[in-house]
Amino acid sequence: MGNYYQAEWETAPVEKMREHQGKLLKEQVAHTYKNVAYYRDLMDKAGVAPEDIQSVDDLHKLPFLTKDDLREAYPYGLLAVPLADCVRIQSTSGTTGRRVVAFYTQNDIDLWDECCARAIVAAGGTKEDVVHVSYGYGLFTGGPGLNGGSHKVGSLTLPMSSGNTERQIQFMTDLGSTILCCTPSYAAFLAESIKEMGLRDKIKLKAGIFGAEAWSEEMRRHIEKELGIRAFDIYGLTEISGPGVSFECEEQTGMHINEDHFIPEIINPNTGEVLPLGEKGELVFTSISKKAFPLLRYRTRDICVLSREKCSCGRTLIKMAKPMGRSDDMLIIRGVNVFPSQIETVLLSSGFEANYQLVVDRVNFSDTLEVKVELTPDMFSDTVSVIESKENEVVHKLKSVLGIQANVTLVAPKSIARSEGKAVRIIDNRAGKI
Amino acid sequence: MATIKQLSIFVENKDGWLADILEIVAGAGADLRALSIADTKSFGVLHIIVDKPEAAEEALTKAGCIVRENDVLSITVADKPGAFAAALRKLADAGISVEYTYAFVGHEPGQAYVILRVDDNEKAERVLG
């Protein structure tokens, strides 16, 4: 049994949770229908009235919301309370199309902070800990979310934000940070820098909470080994609140969804049909507790699986597997679906580090995939054939995992740009080529 | 004949890399004695023999290069037809495999120097001795 931040909900019997969800769902649908014209129109078009939703069993009757709806309704179209009752906005990184803006009342922020507090406690955090938050602060939800969670737990919070790696490491050693919160790629970069500076013995980290980008099990083991910590996954999205929609416990076999706030569903991404528990499909969330920006049946584009197997941590919250990829990240190369996480797994299992870049192009009417990866000093040999055989090993493994041929290019250490936020892993040069 | 230190450096196939590396070596005050490049379509390995291998290695590593130092054989052969072939035949007969080799002309007239990377330095020295 583990430690809980809110045991009442984290270990609630399934029936109690379902009843709670039904009650909140009913209220949320009524609230949204009354206050959000955009969603009222969608419900009317679908022929669904608020009275049709009496319990979680009726959830499937509601229309979906997509990122396109959020862009369409930008900025105030999905706001459900007077603007005067809102205290904060957060926004997505906006790499594609228009930004998405989410609104929060003070109570919405409190609930979100509590979700993040559950994640910190599940990672072993207490008020004695020093929580080092290296997620970006600002419009991005990473920094504010974990910052708020850490306050709720009562830990000493270091609001580092991202960047300035030397200062990060200095604070880490001088102030004895015990829990690191950042993106997994930045954690790997920090680990590398700490090693180079010879400060591995000076850091007191015991755990890390890493999210906001896809990372593999091999990457987890790598970070755990390099920093001497346990690395926990955390999941969330700005539209639904931010990090803390789900979080990992010490069992590290999936992330517990904070079901008392967010009802998950898995659907067939093509038909919209709800799939039975245990099947792989697109994750959909309905936020039932927050009031300023309530999203009903929001399609996340993340592909994953839900599971209700008993967890050794004692939590009864449903678990979601690490998303296998986002349909946005998914590359279609020569008609084959390729997720960067598959390539990362192959590289790490072959002894490379997670410093890679995928270059997709179109040559002679056909797609090409080049995997650029940094050679590590351990792998280097003065004999070309030894290095070539390493290269060939990766080509063969990629071929068997992806089903397509990829060219592997070994590059010098540090030649692939490190990012302090989300890693730029994919360069797609196909636009405009036939 | 002697066992000497060779430095091998990983290089990407990019314009200007050889100049970059040799400048770093020169910056360390190391004088180049011999050089060879083995390459594939995506990368190359540069082998160099310098008078100050430690200084060169340190400077290259500091500059972020992947460098490996290892022992290779340096042998002197007469500058006449068949001399090097005879040495290679002795190694082949003794079952020693040559990974790669490169030659350079020395200061003394009539002599050529050959660098040999073999799988067993000691045995090769005995065979050629």
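First the proteins, then the strands, lettered A, B, ... as listed; each starts at 1. For clarity, every value in this text was computed on a predicted model and none was experimentally measured.
- For the pair A:Phe380 and B:Val45, the minimum side-chain heavy-atom distance is below 4.5 Å.
- Interface remark: B:Glu69 contributes no atoms to any contact with chain A (heavy atom separation under 4.5 Å).
- Note that OG of A:Ser381 is 12.0 Å distant from CZ of B:Phe10, once rounded to the nearest 0.5 Å.
- Note: A:Ile387 leads A:Asn407, A:Thr409, A:Ile387 in heavy-atom pairs under 4.5 Å with chain B.
- Of the possible donor and acceptor atoms, none in the side chain of B:Glu12 sits under 3.5 Å from a partner among the backbone N and O of A:Val411.
- In this structure, the separation between CE on A:Met379 and CD1 on B:Ile66 is 9.0 Å, given to the nearest 0.5 Å.
- Only the backbone of A:Thr376 comes within contact range of chain B, with at least one heavy atom under 4.5 Å from a heavy atom of that chain.
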Test log, rule side-chain contact (heavy atoms from CB on, under 4.5 Å), inputs B:Phe43 and A:Leu375:
CA-CA 10 Å; B:Phe43 68 90; A:Leu375 186 73; over 6 Å; no

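- B:Arg68 and A:Asp378 make their closest contact through NH2-O, 3.8 Å (heavy atoms, listed as atom of the first residue, atom of the second, distance).
- Formation of a donor-acceptor pair under 3.5 Å by the B:Arg117 side chain with backbone atoms of A:Thr383 is not found in this model.
- Across B:Ile9, B:Val67, B:Asp39, the residue that shares the most heavy-atom pairs under 4.5 angstrom with chain A is B:Ile9.
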Show the numbers, then the answer: is there a side-chain contact (heavy atoms from CB on, under 4.5 Å) between B:Thr40 and A:Val384?
CA-CA 8 Å; B:Thr40 72; A:Val384 167; 3.4 Å; yes

